[in-house]
Amino acid sequence: AKNAGRDTLRFYDPQMQAAVSARAALELDMRIGLAQGQFELYYQPQIDRGRITGAEALLRWRHPRDGFVSPAHFIPLAEETGLILPLGEWVLQAACAQLARWARHADLAGLGLAVNVSPRQFHQAGFVAQVLAALASSGAQGPQLKLELTEGLLLQDVEDTIEKMGQLKGYGVGFSLDDFGTGYSSLAYLKRLPLDQLKIDQSFVRDVLTDPNDAAIARTVVALGTSLGLRVIAEGVETEAQREFLERHNCHAWQGYLFSPPVPVAEFEALVRKTNGV
Ligand code: C2E
Ligand code: CA
Ligand code: CA
Ligand code: CA
């Protein structure tokens, strides 16, 4: 019987088997991690004319055995398995709690906080109620909260998207279109959606000085956004020359390693006090 058991394993591709159990292990680890408080938010400053106007909240997972695990690794799996629903709700609650703490300090009160929302999270029934509950239970103000959506998400179910964005806009919540230019947004939809901001994807910023196509795209996104009455922010700004190019072409704001990587909240607050003065 023992041998027979071993023989049946031959029917499995060992590599595939290993991949499946690694995914299952990662999913279980994420569930445990969420229950045990292993997730936290880091904050990357967003700069407008030399001042920090807010931050993008980026999820970090400190795994007790593997150390820091990148969101690029666990977000796609969380999206697939549905764990993004409790995880995304935790992010919203943590972000709103942080906004409410900032509101109690004069020098931090005006900060905005951008939160990434994944498609499955946004399109679930009750998403609007979830955001409103996070605002209400923390005491955070709607206008300080900015949700970052991706093009794919917006196009998945346009009527649902417009309805939900409209409801949240009624509470002052802002919307930014992340990774702009990498997907398939039609300009007709852009006009119908109550967006506040376009975000130039870092893949265009990277070679903006050396690749004329990327430079043209960056300039076009700024012109398009501006003519639609939207703010435009660039992400992934790493050099002074990139920042200078974007500024020269009237991009409104930027974020990137040139100013700061995403950092823990205490470090972010210190940067705000140093940069914005008192
Ligand atoms: P994203 O929303 O496009 O975030 C920007 C990514 O670029 C972040 O990676 C950030 O740390 C990184 N970055 C910032 N400045 C620079 C720079 O100057 N140069 C370069 N090369 N990279 C820079 P991170 O933190 O690893 O996050 C990766 C992705 O994971 C995010 O991409 C977002 O799609 C997702 N993510 C992170 N946190 C959350 C979350 O709370 N919810 C959801 N749904 N997704 C999240
Ligand atoms: Ca983002
Ligand atoms: Ca992005
Ligand atoms: Ca991206």
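Order of listing sets the numbers, starting from 1, for every ligand and every atom in it.
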Counting heavy atoms only, which of [options] is nearest [atom]?
atom: atom 37 (C) of ligand 1; options: L58, V91, T150; answer: L58
atom: atom 22 (N) of ligand 1; options: Y42, Y257, W90, F122; answer: Y257
atom: atom 30 (O) of ligand 1; options: P119, P76, P71, P262; answer: P71
atom: atom 12 (C) of ligand 1; options: R60, E79, Q202; answer: Q202
atom: atom 19 (N) of ligand 1; options: E238, K199, Q242; answer: E238

query = Is ligand 1 less than 4.0 angstrom away from at least one heavy atom of R206?
reply =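 Under 4.0 Å: no for R206.
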
task = Run the contact test for G236 against ligand 1 with a 4.0 Å cut-off on heavy atoms, strictly below, and give the result.
result =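 Yes, that is the case, since the closest heavy atom of the residue is under 4.0 Å from the ligand.
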
Can you tell me if [X] uses its side chain to pair, donor with acceptor, with the backbone of [Y] under 3.5 Å?
X: N276; Y: I52; value: yes
X: Q124; Y: Q121; value: yes
X: K199; Y: S176; value: no

Per-atom contacts of ligand 1 with [X], taking only distances under 4.0 Å to non-hydrogen atoms:
X: D179; result: 3 (O)
X: E235; result: 3 (O), 5 (C)
X: E56; result: 2 (O), 4 (O)
X: G256; result: 15 (N), 18 (O)
X: Q44; result: 14 (C), 15 (N)

query = If every non-hydrogen atom of L209 is compared with every non-hydrogen atom of A241, which pair is closest and at what distance?
reply = CD1-CB, 3.4 Å

message = Give me the atom names and distance for the closest heavy-atom approach of L154 to M165.
response =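 Closest pair (atom of L154, atom of M165, distance): CD2-SD, 4.0 Å.
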
inquiry  = Can you confirm, on distance only, whether ligand 1 has an N/O atom lying under 3.5 Å from any N/O atom belonging to Q121?
reply    =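 No, Q121 has no N/O under 3.5 Å of an N/O on ligand 1.
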
Which bit of [X] is near ligand 1, meaning a heavy atom under 4.0 Å away: side chain, backbone, both or neither?
X: V237; result: backbone
X: I75; result: side chain
X: Q255; result: neither
X: S118; result: both

ask   = Looking at side-chain heavy atoms only, is the closest gap between K146 and Q197 below 4.5 Å?
value = no

request  = Give the cluster check for L87 versus L58: same hydrophobic cluster or not, with ILVMFWY residues linked at side-chain heavy-atom distances below 4.5 Å.
outcome  = no

Test: K169 cationic atom under 6.0 Å from F175 six-membered ring centre, within 45° of axis =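 Pair K169/F175 does not count as cation-pi.
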
request  = With F180 as reference, evaluate D201, L190, I233, V232 under the side-chain contact (heavy atoms from CB on, under 4.5 Å) test and give the passing residue.
outcome  = L190

inquiry  = Exactly one of L41, L108, V263 should register a side-chain contact (heavy atoms from CB on, under 4.5 Å) with F268. Which one does?
reply    =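 So the option named by the test is V263.
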
inquiry  = Whether the Q255 and Q46 side chains hold a donor-acceptor pair (N or O, under 3.5 Å, no angle test) is what I'd like checked.
reply    = yes

inquiry  = So, using side chain to side chain donor-acceptor pair (under 3.5 Å) as the criterion, who are the partners of S118 when residues are at least two apart?
reply    = E79

query = What orientation do W90 and F39 show, parallel under 30°, tilted 30 to 60°, or perpendicular over 60°?
reply =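 Ring orientation of W90 relative to F39: tilted.
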
request  = For ring-ring contact (aromatic ring centres under 6.0 Å, His included), just list the numbers for F127 and H123, CA-CA rounded to whole Å, side-chain angles, deciding distance to a tenth of an Å, and then say yes or no.
outcome  = CA-CA 7 Å; F127 176 72; H123 287 298; 9.0 Å; no

inquiry  = Give me the number of protein N, O or S atoms whose distance to the Ca ion (ligand 2) is under 3.0 Å.
reply    =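 Near the Ca ion (ligand 2), the number of protein N, O or S atoms below 3.0 Å is 4.
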
